[in-house]
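The chains referred to below are lettered A, B, ... by the order of the sequence lines, with proteins before strands, and numbering in each begins at 1. Keep in mind that the numbers below use all heavy atoms, side chains included, and drop hydrogens, waters and symmetry copies.
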Amino acid sequence: MSGIRVRIAPSPTGFFHIGNAKTALINWLFARSKGGTFILRLEDTDTERSKPEYADIVCEALKWLGIDWDEGPSFRDEPERGAYGPYRQSERKHLYLQEANRLLKEGKAYKCFCSKEELDAERERARIEKRPPRYSGKCRNLTEKEIRAKEGLPYSIRFKVPPGVTEIDDLIQGKVVTDHTEFDDFIIVKPNGDAVFHLAVVVDDGLMKITHVIRGDDHLTNATRHVMLFRALGYELPQFAHLPMVLDEKGQKYSKRLHGANVLDWREDGFLPEALVNYLVLLGWTPGDDREVFSREELIEAFTIERLGKSPGKFDYKRLLWLNGQHIRKLTAAELCERVLPILRKAGFDVDAFPKEWLIQMTAICQDRIPTLNDIIGYTDFFFVEPQSYEEKAVNKHWRKEPQNAVQTLEKIRNMIEETSDFSHDGLKATFEQKAAAEGVPVAHFIHPTRLALTGKSVGPGLFELAALLGKEKCLQRIERALAFVRTIEETKI
RNA sequence: GACCCCAUCGUCUAGCCUGGCCUAGGACACCGCCCUUUCACGGCGGCAACACGGGUUCAAAUCCCGUUGGGGUCGCCA
């Protein structure tokens, strides 16, 4: 362990956003590449929006991505781990209050008795008059007597912003200087006793000895508030690194409503977690050479925080799709098979009726063709169920034009299949090629109708490997079915 | 509105800090060709960018200023 401590602090509000995933990933890579500690902390201070069961989704998404944490809350049957817990903010309320009271006692914060209505009205007035919406500071200098007079009334606690400027040396954004006059005295504890985000993060980061705060640059302005709080609380200041955000394909903030905003959407869609991870890290980071396809291990090896870019990136689905294909091809056929079986089962196919070795071969003949795991269904469904219909366009092309010839061709195909004793890719190929040569026609003349008869489609895996896997008996049955079908065309035509 | 951040092909980016090697490199996408039994995969080639305007300099994508565009923050959300 290097002493480096980083964290990801999502709020459990129902799902895990793609932007959170990128932040988590960068933190994790930084920790793993430096021998540091990666911490998961759940920011569930907003009791109205956070639900305990949502935390599950966050953990689930992280697990799926392969981002494991060294310290963090309990998850299902895993106990909480780490020496700086608890790791749920809802369980740390006493710490926030303790620290807020310390600030109060030290005169670095004060009680504010202004009501929400009062403040809203004030803000509204500022908006109309085009003034910056700032708190007036009404309660900042209340006398002891005035405070005592308000005893019993609900109050919030505000941080007394000190005069001066704050300079942040951001690892990504560079030097950022902000004058404190840009800030009003912000609330750190709500009247109901809940800590506000700013207080909670700083207390947690301080107490958990976080050394590097790596998060989205939507927090860049907040960082100044946090530094002021760090100093007021007397904690050691961490280093900051503000990551550019992930935008949608139109360049807008990635809306939660958009498909794909939820990390788990990608699992549903048949994407490999290692592909998503690879894609996400490339959105703002390059190794400096031309490598683009990375395994998790290779990423840990190559990652450096210095090479992180500072401009935001638009999400590019086609590029992710390409990377997914690259990762699918990198797997062994057996590995790919394991990933694809649940999908086929879910589609209702009785895959377990087939031997493992056979299933692996079936996967292998699709491996170079499928962009996502889900595409396996369209490429292999005919292995499990007989074609329910024949693709209309292909029927027109191969059968309907000259049904009589089509019947003859299918009969020849039936005979070829029947006569093939070596029912393998090579054996079938030899038979087809010999016949085609003898007849003086291209092999395609036989291949296309065969594919249509066996699979019902015009696209799919290579015909000979597919037929070999299907087996002679099923092939013959399906040719017969096709023959019957074409004969009905012939009859209706006459 | 105030403050902050960002700005190279349609997209992700290399190059920028430490000006000349940049007639700006790679990848995705797109287009063409090759391979080929379909669809793919793979191979080869093509299209395509330094946001704009001023400086500084012998020389600027690279440094400085301004403009424009995009994003963020300004909550008793996180």
**OP:** Would you classify A:G313 as touching base, sugar-phosphate or nothing, given that sugar-phosphate means primed atoms plus P, OP1 and OP2, and contacts are heavy atoms under 4.0 Å?
**Re:** sugar-phosphate
Original post:
Does any nucleotide pair with B:rC30 by Watson-Crick or G-U wobble geometry, both distances under 3.5 Å, and what is it?
Top reply: B:rG46
Subject >> Parallel, tilted or perpendicular, as decided by the 30° and 60° cut-offs, for the rings of A:F240 and A:H242 >> reply: parallel
Original post:
So which nucleotide from B:rA7, B:rA27, B:rG72 ends up closest to the side chain of A:W322?
Top reply: B:rA27
Original post:
When we call it a touch if two heavy atoms are under 4.0 Å apart, what does A:H219 touch: a base, just sugar-phosphate, or nothing?
Top reply: base
Subject >> From B:rC76, B:rU73, B:rA7, nucleotide with atom closest to A:K253 side chain >> reply: B:rU73
**OP:** Figure out the NE2/C1' separation between A:H226 and B:rC74, and round it to whole Å.
**Re:** 13 Å
Original post:
Do the side chain of A:R319 and the base of B:rU11 come within less than 3.5 angstrom through a donor-acceptor pair of N or O atoms?
Top reply: no
Subject >> Complementary nucleotide of B:rG20, counting Watson-Crick and G-U pairs under 3.5 Å >> reply: B:rC58
Original post:
Considering every strand shown, what is the Watson-Crick or G-U wobble mate of B:rU36 when both distances are under 3.5 Å?
Top reply: none
**OP:** Measure up the A:W266 and A:H259 rings against each other and bin them: parallel (under 30°), tilted (30 to 60°), perpendicular (over 60°).
**Re:** tilted
**OP:** Give the rounded distance in Å between these two atoms: CD1 of A:I188 and P of B:rC77.
**Re:** 14 Å
Original post:
Within the modelled atom types, does a donor on one side and an acceptor on the other bring the side chain of A:R369 and the base of B:rU38 under 3.5 Å apart?
Top reply: yes
**OP:** Return the nucleotide paired to B:rC74: Watson-Crick means purine N1 to pyrimidine N3 with N6-O4 or O6-N4, wobble means G-U with N1-O2 and O6-N3, both under 3.5 Å.
**Re:** B:rG1
**OP:** Have a look at A:S115 and say if it touches a base, only the backbone sugar-phosphate, or nothing, with a 4.0 Å heavy-atom cut-off.
**Re:** base
Original post:
Using a cut-off of 4.0 Å on non-hydrogen atoms, how would the nucleic acid contact of A:R225 be classed: base, sugar-phosphate, or nothing?
Top reply: sugar-phosphate
Original post:
A:V196 side chain: which of B:rC76, B:rG26, B:rC4 is closest?
Top reply: B:rC76
**OP:** Send over the distance from A:D368 CG to B:rU36 P, rounded to a whole Å.
**Re:** 16 Å
Subject >> B:rC4 OP1/OP2 closer than 4.0 Å to side-chain N/O of A:T221 >> reply: no
Original post:
Taking the side chain of A:K318 as its heavy atoms from C-beta onward, which of B:rC30, B:rC39, B:rC76 lies nearest to it?
Top reply: B:rC30
Original post:
Is B:rA51 paired to anything, Watson-Crick or G-U wobble with both distances less than 3.5 Å, and if yes, which nucleotide?
Top reply: B:rU67
**OP:** Please state whether the phosphate of B:rU11, meaning OP1 or OP2, lies under 4.0 angstrom from any side-chain nitrogen or oxygen of A:K314.
**Re:** yes
Original post:
Quick one: is B:rC3 close enough that its OP1 or OP2 comes under 4.0 Å of any side-chain N or O from A:R134?
Top reply: no
**OP:** Using a 4.0 Å heavy-atom cut-off across all strands, classify A:I370 as base, sugar-phosphate, or nothing.
**Re:** nothing
Subject >> Minimum-distance nucleotide (side-chain atoms of A:L220 versus B:rA27, B:rC4, B:rC12) >> reply: B:rC4
Original post:
Which residue, A:P461 or A:W285, contacts RNA chain B at a nucleotide closer to its 5' end, judged by nearest heavy atom?
Top reply: A:W285
**OP:** Give a yes/no on whether any side-chain N or O of A:K190 is located under 4.0 angstrom from OP1 or OP2 of B:rC77.
**Re:** yes
Original post:
Nearest to the side chain of A:Q173 - B:rU37, B:rC5, B:rC76?
Top reply: B:rC5
**OP:** Select one nucleotide: of B:rC76, B:rG75, B:rC28, the one nearest the side-chain heavy atoms of A:D316.
**Re:** B:rC28
Original post:
How long is the line joining CD of A:E249 and P of B:rC12, in whole Å?
Top reply: 10 Å
Original post:
Which part of the nucleic acid, if any, lies within contact of A:E465, taking any heavy atom under 4.0 Å across all strands shown: a base, the sugar-phosphate backbone alone, or nothing?
Top reply: base
**OP:** Report which part of the nucleic acid A:P191 touches: base, sugar-phosphate, or nothing (heavy-atom distance under 4.0 Å, all strands).
**Re:** base
Original post:
Which part of the nucleic acid, if any, lies within contact of A:C112, taking any heavy atom under 4.0 Å across all strands shown: a base, the sugar-phosphate backbone alone, or nothing?
Top reply: nothing
Original post:
Want to settle it: does A:E182 or A:G460 sit nearer the 5' end of RNA chain B, counting the closest nucleotide to each?
Top reply: A:E182
Original post:
Of all the nucleotides listed (B:rA14, B:rA40, B:rU37), which has the minimum atom distance to the side chain of A:F464?
Top reply: B:rU37
Original post:
Within this structure, what is the CG-to-C1' distance between A:L308 and B:rC12, rounded to whole angstrom?
Top reply: 14 Å
**OP:** May I ask you to say what A:Y379 touches in the nucleic acid, namely base, sugar-phosphate or nothing, with a heavy-atom cut-off under 4.0 Å?
**Re:** base
Subject >> Nearest-angstrom distance from the residue atom NE2 of A:H198 to P of B:rG75 >> reply: 9 Å
**OP:** Evaluate ring-ring contact (aromatic ring centres under 6.0 Å, His included) for A:F197 paired with A:H219, printing each intermediate quantity in order.
**Re:** CA-CA 11 Å; A:F197 164 72; A:H219 284 303; 5.3 Å; yes
Subject >> OP1 or OP2 of B:rA14 under 4.0 Å from side-chain N/O of A:R291 >> reply: no
Original post:
Can you tell which of B:rC6, B:rA78, B:rG71 lies closest to the side chain of A:E43?
Top reply: B:rA78
**OP:** Quickly work out the A:I168 CD1 to B:rU73 C1' distance and round it to whole Å.
**Re:** 13 Å
**OP:** Using a 4.0 Å heavy-atom cut-off across all strands, classify A:D290 as base, sugar-phosphate, or nothing.
**Re:** sugar-phosphate
**OP:** Give a yes/no answer on whether the side chain of A:K256 brings an N or O atom under 4.0 Å of OP1 or OP2 in B:rC77.
**Re:** no
Original post:
With sugar-phosphate meaning primed atoms plus P, OP1 and OP2, does A:S156 contact a base, only sugar-phosphate, or nothing at under 4.0 Å between heavy atoms?
Top reply: nothing
Original post:
Parallel under 30°, tilted from 30 to 60°, perpendicular over 60°: which one fits the rings of A:F315 and A:Y254?
Top reply: perpendicular
